[in-house]
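Report on the structure given below.
Just follow the structure's listing: the first ligand is 1, and inside any ligand the first atom is 1.
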Amino acid sequence: MTPQPASPRPENILRNFVDGRFVEPDGKLFRDIDPATGRTVAQVHEADLPLVGRAVTSARRALAQGWSDTPVRERAALLRRAADRIEERFEEFVVAEVADTGKPITQARDLDVARAITNFRTFADVIAAAGQESFMTELGDGRRALNYAVRKPVGVVAVIVPWNLPLLLLTWKVAPALACGNAVVVKPSEETPATATLLAQVLAEVGLPRGVYNVVHGFGAGSAGEFLTTHPGIDAVTFTGSSATGSHVMRTVADRVRPVSFELGGKNAAVVFDDIDLDEALTGLTRSVFANTGQVCLCTERVYVQRTIFDDIAAGLVERAAQLKLGSPADESTTTGPLISQAHRRKVRHYFEVAEQAGAEVLTGGGIPELGGDLSGGSWIEPTLWTGLTNTDRPVREEIFGPAAALIPFDTEDEAVALANDTDYGLAAAVWTNDLRRGHRVAQQMRVGISWVNTWFTRELRSPFGGAGLSGIGREGGESSLHFYSEPTNVCVQL
Ligand code: NAD
């Protein structure tokens with residue numbers, strides 16, 4: 001029998017979820033802040049070392065009690081029920097995500113929560129359709145051996161996620177992990193703890209056995225994140241976050257040789273050729289630079305424009321940036337929310353200063369907007385565009401993770417490719433051209449995990465996703481996720 005979990009939000013305290021139950025808070029609490037207003041929306045119980053240990057132990061127990069041996073069709077059915085239940089509780093998830101992130105309600109509905117549902121349905125389909133490799137080995141003299149791989153779960157997977165697309169990125173990992181028969185201990189970002197907590201309720205409601213999904217709240221170093229990644233009972237770590245934290249986590253798990261999947265930072269380029277329809281390019285670029293207030297790992301922060309249309313693109317982007325509507329996330333006409341926190345705003349503003357010191361011309365933005373009223377305590381920032389920077393300047397080399405991009409001219413295709421690839425990161429690129437052959441040619445030369453032509457953020461969840469260089473290790477999505485979340489045993493039978 002699955003225990004009925006208590007509500008995660010009585011007295012507005014978000015609880016840890018361990019072994020199928022919300023844990024009564026008996027330790028430190030930290031504040032969950034709405035970045036649109038600066039108000040506290042909840043207190044969160046920070047998991048200490050023993051509680052993280054209990055979460056890992058309960059996950060191990062769930063595996064031992066047979067979760068991993070559940071028939072694939074049952075696991076797939078459970079994922080589908082989870083998707084249906086999120087759909088039924090859709091607005092609760094939307095409200096929780098908006099309060100935690102300040103993102104416009106339309107985006108939470110159309111992207112974040114909608115994609116969480118799709119994540120569960122997609123991985124239900126993927127696991128249901130998955131086959132296993134087999135090979136016949138010719139041994140000579142008519143003898144043969146049959147090799148076949150048996151898919152097994154990796155075990156207890158630590159899932160550590162950031163704050164920018166909290167539920168979307170969490171379910172992108174939890175769905176395939178559960179599909180493959182693993183148990184998970186999830187550490188949501190300290191900035192956005194709510195939807196991972198709600199998901200605990202949903203998964204219990206649809207009959208996920210206790211201990212298979214656990215949530216521990218807290219920070220990174222010296223807190224739940226570190227307690228989890230250093231725990232000897234963890235079999236694999238899947239992490240989305242900054243490259244610096246990824247590098248740290250990698251060192252942490254190296255001693256015990258655990259597999260890692262890292263989806264890290266980006267410094268993504270758009271390359272705009274002069275054969276493109278201007279309006280189409282401007283629509284795409286505006287989204288790719290400013291979506292989610294620039295807080296998507298895939299956002300464009302470097303825009304390389306063929307010199308012949310440079311002024312037109314610059315003017316068009318400035319005009320479109322002026323049309324973005326910053327405002328209350330609850331207002332359906334709002335297009336742009338705040339940054340996640342005051343601390344993050346300090347970081348983004350620092351890059352504004354560095355850009356100006358480097359001689360950037362600020363085409364638009366560069367400051368803090370006055371929104372007044374309830375929103376005056378929020379971490380708002382102006383959408384910002386620069387010219388006059390080059391690939392050697394820090395704002396063009398380092399990830400800003402805000403609504404800011406540098407526009408840089410180029411003359412030839414080779415130069416554009418060289419400029420776009422001149423980065424330590426390698427997550428995504430977008431090529432804008434009406435020349436079919438050039439589109440393929442340039443897209444394939446990009447040293448990135450995903451290279452778009454005439455689109456941005458279009459995702460096929462069965463395709464591999466990940467990054468090169470500082471942007472990550474490994475690929476997830478479709479079969480690639482099954483590879484990470486399962487460990488095959490090859491059985492070799494001489495016939
Ligand atoms: P972050 O690295 O600061 O934190 C990510 C998560 O790691 C949080 O849950 C945090 O508490 C935890 N953490 C921090 N230190 C830790 C430690 N020492 N041990 C264990 N856990 C620790 O990143 P962030 O600021 O939350 O997110 C923004 C970053 O995420 C950006 O760099 C962005 O590009 C990246 N990101 C990448 C992708 C992708 O798919 N490649 C997607 C979204 C975001």
query: Stepwise, does the side-chain hydrogen bond (donor to acceptor under 3.5 Å, both in side chains) test hold for Q444 with S451?
result: CA-CA 7 Å; Q444 288 181 28; S451 195; over 6 Å; no
- prompt: Could you walk me through whether Q107 and D112 pass the side-chain hydrogen bond (donor to acceptor under 3.5 Å, both in side chains) check?
  reply: CA-CA 7 Å; Q107 191 206 297; D112 296 75; 3.1 Å; yes
task: Give the C-alpha distance, both sets of side-chain angles, the deciding distance and a yes or no for salt bridge (Lys or Arg N to Asp or Glu O under 4.0 Å) between E91 and R109.
output: CA-CA 8 Å; E91 281 302 310; R109 285 195 185 119; 2.8 Å; yes
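Contacts between E190 and ligand 1, counted as non-hydrogen atom pairs separated by less than 4.0 Å, involve the side chain only. Heavy atoms of H248 found under 4.0 angstrom from ligand 1 belong exclusively to the side chain.
Residues F262 and T238 are not in side-chain contact: their nearest non-hydrogen atoms beyond the backbone lie 4.5 Å or more apart. Under the 4.5 Å side-chain criterion, counting only non-hydrogen atoms from C-beta, V161 is not in contact with F239. The shortest distance between side-chain heavy atoms of I340 and N164 does not fall below 4.5 Å. Under the 4.5 Å side-chain criterion, counting only non-hydrogen atoms from C-beta, L363 is in contact with T387. Under the 4.5 Å side-chain criterion, counting only non-hydrogen atoms from C-beta, E398 is not in contact with K267. Within the 4.5 Å cutoff, no side-chain heavy atoms of P329 are placed close to those of P104. The shortest side-chain heavy-atom distance between E190 and H217 does not fall under the 4.5 Å cut-off. The side-chain heavy atoms of I368 and W380, taken from C-beta on, include no pair separated by under 4.5 Å.
Geometrically, ligand 1 and N164 share no nitrogen or oxygen pair separated by less than 3.5 Å. Considering both main-chain and side-chain atoms, W163 comes within under 3.5 Å of ligand 1 through a nitrogen or oxygen pair. Every N/O-N/O distance between L169 and ligand 1 stays at or above 3.5 Å. For T245, a nitrogen or oxygen atom sits less than 3.5 Å from a nitrogen or oxygen atom of ligand 1, counting backbone and side chain alike.
Proximity of G467 to ligand 1 is not established, as no heavy-atom distance is less than 4.0 Å. Residue contact check for ligand 1: G246 places no non-hydrogen atom closer than 4.0 Å to it. Heavy-atom distances between S189 and ligand 1 reach below 4.0 Å in at least one pair.
Less than 4.0 angstrom separates some heavy atom of L427 from each of these atoms of ligand 1: 41 (N). Below 4.0 Å from some heavy atom of P188 lie the following atoms of ligand 1, by number and element: 9 (O). Residue-ligand proximity, K187 to ligand 1, at heavy-atom distances under 4.0 Å covers atoms 8 (C), 9 (O), 10 (C), 11 (O). Near E263, meaning under 4.0 Å from any of its heavy atoms, are these atoms of ligand 1: 37 (C), 38 (C), 39 (C), 40 (O), 41 (N).
The protein heavy atom nearest to atom 5 (C) of ligand 1 is T240 O, 3.8 Å. Closest protein heavy atom to atom 27 (O) of ligand 1: P162 CB, 3.2 Å. The closest protein non-hydrogen atom to atom 34 (O) of ligand 1 is E399 OE2, 2.5 Å. The shortest contact between atom 39 (C) of ligand 1 and any protein heavy atom is with C297 SG, 3.2 Å. Ranking protein heavy atoms by distance to atom 8 (C) of ligand 1, first place goes to V161 O, 3.5 Å. Remark: minimum distance from atom 35 (C) of ligand 1 to any protein heavy atom is reached at G241 O, 3.2 Å. Considering only non-hydrogen protein atoms, atom 12 (C) of ligand 1 sits nearest to I160 CG2, 3.7 Å. Among all non-hydrogen protein atoms, the one lying nearest atom 23 (O) of ligand 1 is S242 N, 3.4 Å.
Among F401, F465, F239, the residue whose heavy atom lies closest to atom 28 (C) of ligand 1 is F401. Comparing I400, L168, L264, I450 by heavy-atom distance to atom 41 (N) of ligand 1, the nearest is L264.
Just one of N391, V417, T392, V396 meets the side-chain contact (heavy atoms from CB on, under 4.5 Å) condition when paired with D422; it is N391.
When only modelled atom types and interatomic distance are considered, R349 and Y351 share no side-chain donor-acceptor pair under 3.5 Å.
Between F352 and W386, the ring planes are perpendicular. Angles over 60° get that label, and only those under 30° would be called parallel.
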